[in-house]
Each structure stands twice: as C-alpha cells, then as structure tokens.
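My structure is below; once you've seen it, I'll send some questions.
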Amino acid sequence: MPALAGFPVPDPATIVASGDAPMLDEAGRRAWAGWLIGALLAYGLLPRLLLALACGGLWLAALRRLRLDLARPGHARLRAVLMPDSERIGVSDPEPAIMPRPLRHAAHAGASGTAALVALELGSDVAWPPAQLPATLDAGRLDSREQRRAALSRFAADAPGRLLVAIDPRRTPDRGTLGLIAELAEHAADTRVWALGGDTARLALWREGLARLGFAPEALILDAAAAQCWLGGHDASATEEAR
C-alpha cells in the first residue's frame, strides 16, 4: 500500500543485504526510511483519520435526528415547572422591617480631616467628575462590584472626615443602593448625599430611603453650590433650597 502512494519499497536484494549488519549503501537506507514513513502514514494515520471522519459524520447525522418527545409524561411534568403558562408577579424577597443604619460613631475616632467624593450608579449621560468640584477629591465611580469593594477598602484604611455620595435622582432607590450608602457612611465621620441633576421626580423616595437609614433631612444636597460648600467644611443647609 505505501508503494501505491509513491513511497519507495526495498527490493529483495536490499532486504537480503540488510540482515543483521549495518547497511552501508545510501540508496538502501533511503529505501528503508521511505518505506517506514509510508507504512506509518498508510497503516497508522490514514485509517485513524478516515475513522474520525466517519464517526463525526455519524454523530452529526444522529444529532439531526435527535428530537425530544414533549408529549411523554415526564416532559409534560417538567414543562409546567420550566415553562409555566402564567407567573405571579410580586415581591419575592420582602424588605426587612429595620434597615441597617450606619454606625457613624465608629468612624469618628480614626477619621481624617480630608474630604472625598464618590459617584454611585450615575447615568451614562452625566459627566463625571463634576467641573464645579476639585478633581483631587474624586474617589471614582462605584458602578461595579470591584469598584465598590475597592472604595470600601480605601475608606476603611483612611476614613475621610467628609464623604459626599453623588446619586442619580432619576433612579429609584433600592435596598442595594441604600445599603451601599450605609456601608460608605460607616467609614466617614460625616456623610451627605448629592442628588446630581435637575430631575426631582423621585426625591421624595430618596428622602424616605435615607430617613430609614437614619440620615437627617439636610443630608440630601440638591445643588453643586451646596455640595461645594459642604465639602469645603461649611454648613450647606443655609445655602440649599428646600424642594
């Protein structure tokens, strides 16, 4: 079979001349080497390649014929669980009666006099950091889990004296957002929440959520001037307009 593929085959004289002694003839050595390579391809690789192609073809043909009989009793029971005709929409995880409140007293002793500014889940159309505030105070956006963990680790190591959390007032506050604000407030001596933007439709929800965390009404800052004043160490309640 190697000869059919064009590989050399040793003739009877070359086979007899080989024997047990080393072959000195260069042509004989080439004939044996070519025959060994041809035998490896013809009897080793080629059959395995043909069998692999045949197995692949049979597997694809069987895969095309494979169909689930959804009319069988076992599948009928699973269909009602996996693909229900209707589903009840409601609160699957009710809100706890008492929201966790930040333990601000724990941060007073180790808090420095520095100020920090973070952005929590701002919309993509909101520019950050804001031009009105010093860029040196920006501690970054907290959009991903990794960013939030990094910020909490940073504030745990160096607690700021004043922490301003910028939020998007167009978003409805959920328990995850409020819980993160509570965690951030635990690492600062004083914390304020800045409703960044002109939308005031959900401010009442934010006030209610922050009140459940124990924040005073003046903790919600509504404009850049008040935010800048508070970060600078001044009382922002006198400059902030009630809305």
Side-chain angles (χ1 to χ4, degrees), residues 88-112 114-130 133 137-224 226-227 230-231 236-237 240 242-243:
R88 181 180 178 273
I89 300 177
V91 178
S92 58
D93 187 12
E95 181 177 344
I98 301 176
M99 290 288 290
R101 296 194 173 196
L103 304 175
R104 297 182 185 85
H105 60 275
H108 278 291
S112 63
T114 60
L117 173 65
V118 295
L120 180 57
E121 297 179 351
L122 294 183
S124 58
D125 58 333
V126 180
W128 187 264
L133 302 180
L137 303 181
D138 179 24
R141 298 175 66 113
L142 308 184
D143 296 329
S144 65
R145 181 178 300 178
E146 292 74 17
Q147 292 171 333
R148 297 174 182 180
R149 289 177 178 174
L152 290 173
S153 300
R154 172 183 174 180
F155 294 148
D158 183 15
R162 290 172 176 261
L163 176 62
L164 183 61
V165 182
I167 55 97
D168 192 338
R170 297 171 299 182
R171 298 178 180 269
T172 301
D174 55 21
R175 279 178 287 165
T177 303
L178 295 175
L180 179 58
I181 293 176
E183 286 187 82
L184 292 170
E186 290 180 1
H187 300 294
D190 198 2
T191 304
R192 293 289 186 272
V193 178
W194 179 20
L196 183 58
D199 194 306
T200 59
R202 293 178 173 84
L203 284 181
L205 297 176
W206 280 102
R207 286 195 177 96
E208 180 183 350
L210 293 174
R212 293 202 306 272
L213 296 178
F215 283 92
E218 59 271 15
L220 185 62
I221 297 177
L222 303 180
D223 56 69
W230 184 79
L231 282 175
S237 59
E240 184 178 338
R243 299 186 182 182

For this session: Please list, chain by chain and in numerical order, all residues satisfying side chain to side chain donor-acceptor pair (under 3.5 Å) with Arg148, sequence neighbours excluded.
Result: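 Once residues adjacent in sequence are excluded, the partners of Arg148 under the side chain to side chain donor-acceptor pair (under 3.5 Å) criterion are Glu121.
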For this session: Spell out, as yes or no, whether a donor-acceptor pair under 3.5 Å connects the side chain of Arg207 to the backbone of Pro217.
Result: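 Here the side-chain-to-backbone pair does not exist.
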Exercise. Which of these passes side-chain contact (heavy atoms from CB on, under 4.5 Å) with Thr191: Val165, Leu184, Leu210?
Worked result: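 It is Val165, the one option of Val165, Leu184, Leu210 that forms the side-chain contact (heavy atoms from CB on, under 4.5 Å) with Thr191.
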Exercise. Is it true that a side-chain atom of Arg162 and a backbone atom of Trp230 form a donor plus acceptor pair closer than 3.5 Å?
Worked result: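 Side chain of Arg162 to backbone of Trp230: a pair is present.
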Problem set entry | Nearest-0.5 Å distance, CG of residue Leu142 to CZ of residue Arg149 |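 Answer for the CG-CZ pair, Leu142 versus Arg149, is 13.5 Å.
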Exercise. Can you tell me how far the OG atom of Ser153 sits from the CG atom of Asp158, to the nearest 0.5 Å?
Worked result: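 If we round to the nearest 0.5 Å, Ser153:OG and Asp158:CG are 12.5 Å apart.
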Problem set entry | Which atom of Gly123 lies closest to which atom of Asp168, heavy atoms considered |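 Scanning both residues completely, I find the closest heavy atoms to be N-OD2, 3.1 Å.
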Problem set entry | Rounded distance (nearest 0.5 Å) linking atom CD of Glu183 with atom CG of Leu152 |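 Nearest 0.5 Å value for the CD-CG distance: 5.5 Å.
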Exercise. Where is the tightest heavy-atom contact between Leu178 and Gly209, given as atom of each residue plus distance?
Worked result: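 Scanning both residues completely, I find the closest heavy atoms to be CD1-CA, 3.8 Å.
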Exercise. Of the non-hydrogen atoms in Pro169 and Ile167, which two are nearest, and what is the gap between them?
Worked result: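 Reported closest heavy-atom pair: CD-O, 3.4 Å.
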Problem set entry | Note, Asp125 side chain near Arg170 side chain (heavy atom, < 4.5 Å) |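 Yes; the side chains approach each other to less than 4.5 Å.
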Problem set entry | Spacing of CG belonging to Asp143 relative to CG belonging to Leu120, to within rounding of 0.5 Å |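 These two atoms lie 8.0 Å from each other.
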Exercise. Do Asp223 and Trp194 get their side chains close enough for a donor-acceptor pair, meaning under 3.5 Å?
Worked result: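 On atom types as modelled, these side chains do not qualify, holding no pair under 3.5 Å.
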For this session: Report the distance from atom CZ of Phe215 to atom CG of Leu220, rounding to the nearest 0.5 Å.
Result: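 Phe215 atom CZ to Leu220 atom CG measures 10.5 Å (nearest 0.5 Å).
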Problem set entry | Least distance between heavy atoms, Trp206 atom then Arg171 atom |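 Heavy atoms only, the tightest pair is NE1-O, 3.0 Å.
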